[in-house]
Structures are given as C-alpha cells and as structure tokens.
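Throughout, a chain's letter reflects where its sequence line sits, starting with A, and its residues are numbered from 1.
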Protein chains: 2
Amino acid sequence: MTLTHTPEPGTALWLYAHPLRGSLNDHLFQAGTEALSEQYTVLTSDLHAQRFDPVLGDRDFGGRTGSIVQITADAYRRGEHAADVREEQAKLAAAELLVIQFPLWWYGPPAILKGWFDRVLTNEFAYGDVDSVLGIPRRYGDGQLAGRRALVIVTVGEDARSLGTRGISGDIDSLLFPLTHGTLWYTGVGSFDLHVIYDADSLGSEGLQQETERLRDRLKAIDSEPADRFRRLADGDYHGTRALREDIHPGRTDLGIHLSEALG
Amino acid sequence: MTLTHTPEPGTALWLYAHPLRGSLNDHLFQAGTEALSEQYTVLTSDLHAQRFDPVLGDRDFGGRTGSIVQITADAYRRGEHAADVREEQAKLAAAELLVIQFPLWWYGPPAILKGWFDRVLTNEFAYGDVDSVLGIPRRYGDGQLAGRRALVIVTVGEDARSLGTRGISGDIDSLLFPLTHGTLWYTGVGSFDLHVIYDADSLGSEGLQQETERLRDRLKAIDSEPADRFRRLADGDYHGTRALREDIHPGRTDLGIHLSEALG
C-alpha cells in the first residue's frame, strides 16, 4: 500500500492529556517516554502543557461555509490550517508509532484530546475518498496514515470487573471503539491491545511501582506485538450493504464482530 | 427517590454544539428551540456562541492536587467553581428535559460538548457515593440529576446502514453508549431513543424540510415517549460482581444487555 505520509523510521509520537503535575498519569508519562526513548526518537504532544485549543471552529475554516469535511480539506490543501494544527500534523506524519495516554473521563477521552482528533485529523490529511491510483477508499484500514501502529494507555477509576465483559460500565474495548476503530483504524492506524490501568485513584505507592514496571515491560517489547486488528473496508466483508456479511459471525451484534481474524 | 436538584416544571435546557451559522444543525437548532417553546420554557447553551472553554484544568481545581474526582467535588462544595461552570450547573439543575444536539465527529461528540460534561458534571453536583439516607449509590440511574430525561439529536454524514446493526462504523447506539449510559444514565438522566439525522452532508432543501418537520413532530409528542432505558445499579442486576448476572441475557456481550426491559 502506498503511504501518503512516510514516517521516519524509529520515530514515535506520545500524545498525552492530563492536567496535573505529580499525578499517576504524569508519572507514567515521564517513565514511559524515558523507557521508549531507548528504542525510539520520541516526539511528545503534552496537550495541557501546550495549552492546545481543542475547539474546531472559525479559524479552521478560513472563512468558508458548507460541509466541514470539505472546507477543512480545502484549508489543508491550501496550507491554510492554523500553525498549531500544522505542527501536530507534522509530528503525526513523522511518527511510525503513536502512544496515546489519557484518563478515562465520562467513559471517553478528555475534551482536549478529543479536540486534537477533531482539528488535526482533517480530510485529505488523515483520510480521503477513493484513491485514483489504488481504486480503494482511503479509510478503514487504508486511510492516509496507514502503516502506523498505536498503543492506547488509559487510566480508569473503576476495577476490571466494572469495565470487563458484561461489566456495568460497558467493556472498555467497546467504550473506546470510537477511538480505536472510528478514529485510528479509520485513518489507517492499527492499534495494539489497550493498556489499561485500573483502580487508578487508589493505587498506592506499591501499585504505582508495579504499574510503572508493567508499562516499561510493555513498551520494551511493543515491536513484537501484533496490531492491525480490524477489518479493512477494501476486503469485501461489508460489500454492497455496508453491514458485515451475514456469513461472518452470524447473529452477533457486539462491536467485536469488526475485529479481523487475521492479526497483522 | 429524593431529588437533589428539583427541576422547575416546564423548563428545558437545549445544549447545542455546532460552529457554523447557516448549517443544517443551526437550522434544526432554531426550528427545534422554537417548536419546543410551545410547551417548555427553553434555556439554551449554544456552546460555540458562548465560547465555552471545554478544557478541565487548573482553574477548576482551586490550587488543589490529588484525585480529580475529589478535588472538583471540594471545589463544588465550597462554591469555588468558575463562573461559567456554575452558570451551566444552574441551568441543568433547573431543567426537567434536556436536548443535546451535535454533529457526530470521530464517532462521538465534538470536544466543546465533551468538555461541557468534563467540567460541569462534577462529583457531588451530578453524582456521588452511597447516599446516607437512601443507602444507595448516587449513580447509574440514581445520580444527583435523577428525574430528568434527555433527547439526543445527532447529525451524521453516513447512511443508516453504516451505523446500523453490524454496520461498518458500529451501530450508533453502541457508539453513543458512553453518552447515553456512561454520562446521562450515570447521573440519573434517562434518555429517549436517539434522534439521528443520516446523510447530513447531502440532504438538499427537500431533505432539510423533511428533517425539520420530523424533529418538530418528535418534540411535540416527546412527553408521551418512554425514557429510562438502562438498568439501575441499585436493582441488583450487577450484584456482587459488577458484571451483569449470568441469568440475564446469558452469553450475550453486546452493550444492549444493559438496557432495562422495563420502560419507564
């Protein structure tokens, strides 16, 4: 597959969204970026420290009105995106590995991170219509960011049962499906299994130490893990109807049906 | 059930998040609030017009560090929340009906709306621990906002197949489960069936007219619709394990298992 933005080998981008210094997340961010630096050149986007503005609005439209998908694509083509968006796009384009770290707030990413996706992942930069050469739509596995992999690190206040299969809060894989599938996979980025830190508000110093070690170990071996876990639009599994073919997982309606059986 | 914030009968809050004047959303917002005004006193939170800042950060913590759930509760108790948050909390407390209108961006709410939840729905204002009088946890059906109902109106660029059962993008009810269940129901708010406007980028003027009429009709009859669709934590369906009891929908793992069979 032709890569639209060729990443620089050995470059990673660590996208981080927590407001408090001295927090569990801050600690894991410091320890994690340090550990990853042994294998990668680690770029960081510390969104609170950067005071990143997550509101997609007038300054992103260049005075245009109409479909936001179209007018932001126009702005991208003409190089009219705001400086902060261009800077984030450049970091993302350079990275072959993404790490996305955040606390789970209201069962999703904090606004400052959600808005990074809203503003940075514009049409034509991150995804697009059918490619004139390849003849396939540039989304769901074949987006403009194809070839990249992402590790999602998320801290949660609840325990593994509440967020497990049939857990009261919904299972964490389904809750983050809009991120792993609807955002990352849509733009071509495969994701590793989620790295979840449970009971994050009550870890204690021993728990913090254990979680730090677990993250270091995970990062050390990350290049040997499989990614690319969802079905490609171009594979034909949704052919004609946009719904999954009836012969695949017949009768099932959970979001797990969109996982690919072939691990990449 | 004791209501923590008693709503004013006949008061509604319309929470709106779209950046462009003259858009489909703007049109539906104008027509919808006008139609609803025939039955309700309609308060509005037009987040872009208000330039609402969705980033939960230092000014929300009053100089405290620690668990964000705890320090924002402290700030709430001491009346130290920022003026914009207090204003939104007052509107929410007054409303018995919520309407939440937004375009689906990256398969979730825009950042400006996500951050409204992050900042406004603080611990002790919107939910809490076990109530000392009632003896039940103030969440999942019994949050501090209990007694309210919400209509979620969402515009999407895709068609109903892509977002339907087994659709390639995931079904819209699962994608918005973090909102309807994890946010609204967590704080006690029941939600009506989603009001989805499909193919929102290509409606044309006839389609716009039809969608406007459909929304007006929906609002006119909203008080006769059932809400309260999820299971209450206090009901015992998750007793002991925090996972749904094995005898309820055995074997199923989709998020639909959390729907209550009893419509309220």
(message) Only pairs of heavy atoms separated by less than 4.5 Å count here; which of B:L56, B:L113, B:L175, B:I68 has the most with chain A?
(response) B:L56

(request) Taking only Lys NZ, Arg NE, NH1 and NH2, and the carboxylate oxygens of Asp or Glu, determine whether B:R229 and B:D193 approach each other closer than 4.0 Å. (result) yes

(message) I'd like to know which of A:S169, A:P110, A:S202 tops the heavy-atom pair count under 4.5 Å against chain B.
(response) A:S169

(message) Please classify the contact of B:L20 with chain A as side chain, backbone, both or neither, using a heavy-atom distance under 4.5 Å.
(response) side chain

(request) With a 4.5 Å cut-off on heavy-atom pairs, point out which of A:T183, A:I168, A:V69, A:L163 contacts chain B the most. (result) A:I168

(request) Count the heavy-atom pairs under 4.5 Å between each of A:D237, A:V55, A:D118, A:T165 and chain B, then report the option with the highest count. (result) A:D118

(request) Specify whether A:H81 and A:Y76 have parallel, tilted or perpendicular ring planes, treating 30° as the upper limit for parallel and 60° as the lower limit for perpendicular. (result) tilted

(request) Measure distances from B:I257 to the heavy atoms of chain A and classify the residue's part below 4.5 Å as side chain, backbone, both or neither. (result) side chain

(request) If the plane angle is over 60° it's perpendicular, under 30° parallel, otherwise tilted; pick one for A:H258 and A:H181. (result) tilted

(message) In the structure I gave you, are the side-chain heavy atoms of B:T122 and B:Q89 within less than 4.5 Å of one another anywhere?
(response) yes

(message) Under 4.5 Å from any heavy atom of chain A, what part of B:F61 do you find: side chain, backbone, both or neither?
(response) side chain

(message) If I measure from the heavy atoms of chain A, does B:T155 come under 4.5 Å with its side chain, its backbone, both, or neither?
(response) neither

(message) If I measure from the heavy atoms of chain A, does B:L255 come under 4.5 Å with its side chain, its backbone, both, or neither?
(response) side chain

(request) Indicate whether the side chain of A:S162 and that of A:D159 have a donor and an acceptor atom separated by less than 3.5 Å. (result) yes

(request) Please look at B:L184 and chain A and tell me whether the side chain, the backbone, both or neither of the residue comes under 4.5 angstrom of a heavy atom of that chain. (result) neither

(message) Over 60° means perpendicular and under 30° means parallel, so tell me whether A:F230 and A:W185 are parallel, tilted or perpendicular.
(response) tilted

(message) Under 3.5 Å, is there a donor on one side chain and an acceptor on the other for A:E87 and A:S45?
(response) no

(message) Under 4.5 Å from any heavy atom of chain A, what part of B:R139 do you find: side chain, backbone, both or neither?
(response) neither

(request) Verify whether the ring centers belonging to B:F177 and A:F177 lie closer than 6.0 Å. (result) no

(request) Measure distances from B:R119 to the heavy atoms of chain A and classify the residue's part below 4.5 Å as side chain, backbone, both or neither. (result) neither

(request) Give the member of B:I248, B:L121, B:D60, B:T65 that has the highest number of heavy-atom pairs under 4.5 Å with chain A. (result) B:L121

(message) Quick check on B:P103 against chain A: is it the side chain, the backbone, both or neither that has a heavy atom closer than 4.5 Å?
(response) neither

(request) Could you check which of B:H249, B:E158, B:R21, B:Q70 has the highest count of heavy-atom pairs closer than 4.5 Å to chain A? (result) B:H249

(request) Could you check which of A:D171, A:D58, A:T241 has the highest count of heavy-atom pairs closer than 4.5 Å to chain B? (result) A:T241

